[in-house]
There are 2 protein chains.
Amino acid sequence: MGKVTLQDVAKAAGVSIATASWAVNDNKNVRIPEATRRKVRKVADRLGYHSNALARGLARGRSDLIGFVSDGVATSPFAGQVIQGAQDEAWRNGKILLVVDTDGNPTIERKAFAFMLEHQVEGVIYSSWVHRSIVPPAELDRITSVLVNCFDEQGRFPAVVPNELQGGRTATQLLIDAGHRRIAFVNDPPISPASVGRLAGYRQALEESGIEYDPRLVIAAGADQEGGYGAAGAVLASGATAVFCYNDRASMGLYDALRERGLRVPDDLSVVGFDNQEVISAHLHPALTTVGLPQYDLGVLGVRALLALQEPGADRVGDDADAGMPDAVGMPDVAEPAGPPYAPLLVACPTVMRDSIKPR
Amino acid sequence: MGKVTLQDVAKAAGVSIATASWAVNDNKNVRIPEATRRKVRKVADRLGYHSNALARGLARGRSDLIGFVSDGVATSPFAGQVIQGAQDEAWRNGKILLVVDTDGNPTIERKAFAFMLEHQVEGVIYSSWVHRSIVPPAELDRITSVLVNCFDEQGRFPAVVPNELQGGRTATQLLIDAGHRRIAFVNDPPISPASVGRLAGYRQALEESGIEYDPRLVIAAGADQEGGYGAAGAVLASGATAVFCYNDRASMGLYDALRERGLRVPDDLSVVGFDNQEVISAHLHPALTTVGLPQYDLGVLGVRALLALQEPGADRVGDDADAGMPDAVGMPDVAEPAGPPYAPLLVACPTVMRDSIKPR
DNA sequence: CTGAAAGCGCTAACAA
DNA sequence: TTGTTAGCGCTTTCAG
């Protein structure tokens with residue numbers, strides 16, 4: 001079984017091996033009569049021929065493989081989505097993803113890169129579980145690479161990250177639009193792109209609406225249920241009528257604390273979360289209005305940036321590889337590969353309207 | 001840069017290309033002096049040599065690639081873990097995973113298999129997001145394959161699945177051990193390995209403790225927060241002092257409903273969940289005692305079964321590939337590849353003790 | 001338009 | 001112990 005080679009096909013079809021090759025691939029440099037092509041194709045199908053990617057890669061010097069190394073995306077509840085997006089976009093371009101999750105282990109990471117190199121990947125997506133600044137491992141210099149959900153301060157590599165500022169602004173704006181003026185922000189204390197960016201967005205939204213920023217409304221609390229639970233007292237004491245929580249998990253904790261005090265969302269307090277972590281946000285009572293992370297898009301744009309890098313100025317040609325693939329519409333175009341230093345590509349965080357905001 | 005070949009290394013080291021090959025790989029058929037080996041190795045390092053996996057695969061007729069096709073594991077909040085387990089185990093054996101998530105789309109699935117075939121994978125893990133019975137796609141017959149988190153009724157393929165019955169029994173036993181005799185079971189209505197298996201486990205545990213099974217204690221409710229929320233009334237009306245919920249999400253809904261009625265877990269009602277969906281279970285108030293799904297192990301055992309299939313009777317040899325890898329201890333051995341029909345390998349569901357059970 | 005033939009980088013007989 | 005060499009299956013000039 002199995003081992004049907006091009007040679008077999010050629011022989012069975014009564015053509016040379018070269019002709020068979022032309023016929024099977026839609027090679028544009030060579031014009032082959034439709035009849036011949038069809039015949040070869042049919043024979044190939046009948047024999048169950050599958051081109052050997054190893055041989056093809058060797059001969060062409062191109063593997064059609066894209067590496068995806070992450071420090072935990074696969075394990076994180078979040079970000080299977082970014083892999084999915086990357087995979088879909090890779091696929092659309094006739095590439096396939098070689099995924100390795102290093103779980104943050106440097107030994108594994110080193111090996112992962114060795115593997116990628118050996119397998120002649122055309123580039124690698126280096127991705128982080130949590131949006132953060134990284135110092136790129138030395139291996140990245142040996143391969144065309146782009147950063148996803150992380151970035152290097154020097155901008156030595158193209159990076160694709162969520163637009164935290166816009167996200168924070170959007171979340172806050174939701175509350176303002178509902179008529180709230182006194183809006184608390186439960187923020188994660190450690191400095192991070194997310195905590196800094198969302199706070200900046202919060203302030204920007206307030207400012208745009210002429211609401212004065214009151215530092216007492218910014219409450220520091222851990223970015224999980226316990227944090228949100230513990231922050232309830234401070235939120236209530238602040239006199240806020242609405243609260244923007246750093247993430248959905250904190251919102252969930254806040255819900256709990258509120259319920260224990262006999263208070264109701266959104267009647268007594270409007271709340272908006274962040275992350276759109278569906279298991280939580282979609283199923284809280286009431287369902288949580290929140291701002292999502294553009295994970296799928298991060299993946300898509302990551303590989304798009306990577307491909308743009310290796311074919312400078314080349315137009316993407318649509319082949320039939322996308323049959324049945326979800327279409328990626330409404331996504332920002334990736335900037336022309338301008339060369340370093342690269343400014344991170346900021347991807348918009350979408351609004352997810354549910355039932356936790358009450359107009360007043 | 002980059003393109004350093006074995007030939008280059010050989011030349012630079014002043015040996016033949018064959019010798020270089022022996023030296024770089026730890027080939028056991030050929031003994032070459034440590035000195036030569038070391039020299040070659042050093043030159044290789046200096047030049048930044050990386051063996052070309054495509055050429056190696058072609059020449060050896062072996063790709064060291066294992067396919068992993070899933071209908072949504074990557075997207076599901078659950079099961080990045082199974083990929084992780086599969087990847088780790090593959091790695092330990094010098095293999096690497098080629099992951100494709102078809103998202104349940106048959107067109108994509110077909111293409112995924114074509115890709116796998118082309119890339120000469122040595123076998124494929126076919127995995128489902130939710131534990132279920134499947135009819136294996138025809139392509140599986142062309143490749144050595146094993147099913148993970150799913151199975152075919154005829155046992156034509158080895159399958160690795162969670163032991164739902166044991167899980168259900170364990171969950172119930174937890175409650176019994178705490179002194180409860182009247183234990184409700186909030187079950188998911190649709191027939192599935194999980195609903196059937198967990199119910200059987202529930203009944204078995206009761207029986208083993210001489211508690212009579214009362215059908216009125218089995219309450220049908222959707223397997224999510226809404227379901228658990230809605231089931232509260234029935235649970236309370238049943239007079240149960242404890243409840244085993246089909247999953248953590250339902251438990252979460254139940255928590256909500258209870259709190260709204262001024263009732264407390266575990267004082268007024270003990271509860272145990274299922275799935276150990278950490279975002280939820282670990283952070284509920286009080287934290288939820290639950291039974292986990294052995295996802296990581298499913299992945300590990302899946303590839304282990306696959307490898308066992310292709311090297312019948314061969315002992316696994318530990319090479320140095322596992323440096324820095326998490327170790328897989330305490331895992332059941334995969335059964336000898338007995339040949340079809342295969343009985344599914346049942347993997348134990350672990351207990352996760354937290355704070356939602358109160359002794360009485 | 002089609003065939004012959006030279007590799008792609010590496011492995012593994014087979015010789016030396 | 002080491003070198004020579006014939007492929008692995010496919011792509012792609014270069015002739016025909």
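Side-chain atoms are counted along with the backbone in the values below, which use heavy atoms only and exclude waters and symmetry mates. By convention in this document, chain letters (A, B, ...) are assigned in the order of the sequence lines, proteins followed by strands, and residues within each chain are numbered from 1.
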For the helix from C:dC1-D:dG16 to C:dA16-D:dT1, measure the angle between the helix axis at one end and the axis at the other, each built from five pairs, rounding to 10°.
-> 40°
From CG of A:Leu54 across to P of C:dC10 the rounded distance in Å is 13 Å
Residues in side chain to side chain donor-acceptor pair (under 3.5 Å) with B:Arg156, at least two apart?
-> B:Asp141
Does some side-chain heavy atom of B:Asp101 sit less than 4.5 Å from a side-chain heavy atom of A:Ile83?
-> no
May I ask you to decide whether A:Glu89 forms a salt bridge with A:Arg92, counting only side-chain N to carboxylate O separations under 4.0 Å?
-> yes
Using a cutoff of under 3.5 Å, can you pull out all pairs of nitrogen or oxygen atoms linking the protein to nucleotides 14-16 of chain D, with atom names and distances?
none

Sequence neighbours excluded, the answer for side-chain contact (heavy atoms from CB on, under 4.5 Å) partners of A:Ala20 is A:Leu6, A:Ala10, A:Val15, A:Val40
If each of B:Val15 and B:Arg60 is mapped to the nucleotide of DNA chain D with the nearest heavy atom, which maps nearer the 5' terminus, i.e. the 5' end?
-> B:Val15
Under the side-chain contact (heavy atoms from CB on, under 4.5 Å) test, residues paired with B:Ala159 that sit two or more places apart | B:Leu147, B:Phe151, B:Pro344
With sequence neighbours excluded, residues passing salt bridge (Lys or Arg N to Asp or Glu O under 4.0 Å) with A:Arg46 = none
Just to confirm, is there a sub-4.0 Å distance from OP1 or OP2 of D:dC8 to any side-chain nitrogen or oxygen of A:Asn52?
-> no
Expressed in angstrom and rounded to an integer, what is the separation of B:Arg56 atom CZ from D:dG9 atom C1'?
-> 17 Å
Looking at residues at least two apart in the chain, or sitting in another chain, which of them share a salt bridge (Lys or Arg N to Asp or Glu O under 4.0 Å) with B:Glu109?
-> none
Sorted by chain and residue number, the side chain to side chain donor-acceptor pair (under 3.5 Å) partners of A:Thr19 (sequence neighbours excluded) come out as A:Ser16
Starting at CD of B:Glu118 and ending at P of D:dC8, how long is that distance when rounded to a whole Å?
-> 20 Å
Just the atom pairs and distances: protein N or O near nucleotides 4-7 of chain D's N or O, under 3.5 Å.
none

Would you kindly give the CG-to-P distance between A:Leu6 and C:dA4, to the nearest whole Å?
-> 15 Å
For B:Gln7 and C:dT11, what is the distance between atoms CD and C1' respectively, to the nearest whole Å?
-> 14 Å
More than 12 foreign heavy atoms under 6.0 Å from CZ of A:Arg41: is that the case here?
-> yes
Separation of atom CZ in B:Arg62 from atom P in C:dT11, rounded to whole Å | 11 Å
Listed partners of B:Arg60 passing side chain to side chain donor-acceptor pair (under 3.5 Å), at least two apart = none
Sequence-distant partners of B:Asp64, side chain to side chain donor-acceptor pair (under 3.5 Å), two or more places apart | B:Arg62, B:Lys95
To the nearest Å, give me how far apart OH (B:Tyr49) and P (C:dG9) are.
-> 10 Å
With B:Leu65 via side-chain contact (heavy atoms from CB on, under 4.5 Å) - residues at least two apart | A:His119, B:Ser63, B:Ile96, B:Leu98, B:His119, B:Val121
OP1 or OP2 of D:dT11 under 4.0 Å from side-chain N/O of A:Ser21 | yes
Check whether any side-chain nitrogen or oxygen of B:Thr36 sits under 4.0 Å from OP1 or OP2 of D:dT1, and answer yes or no.
-> no
Between P of C:dC10 and NE2 of B:His50, the distance in whole Å | 12 Å
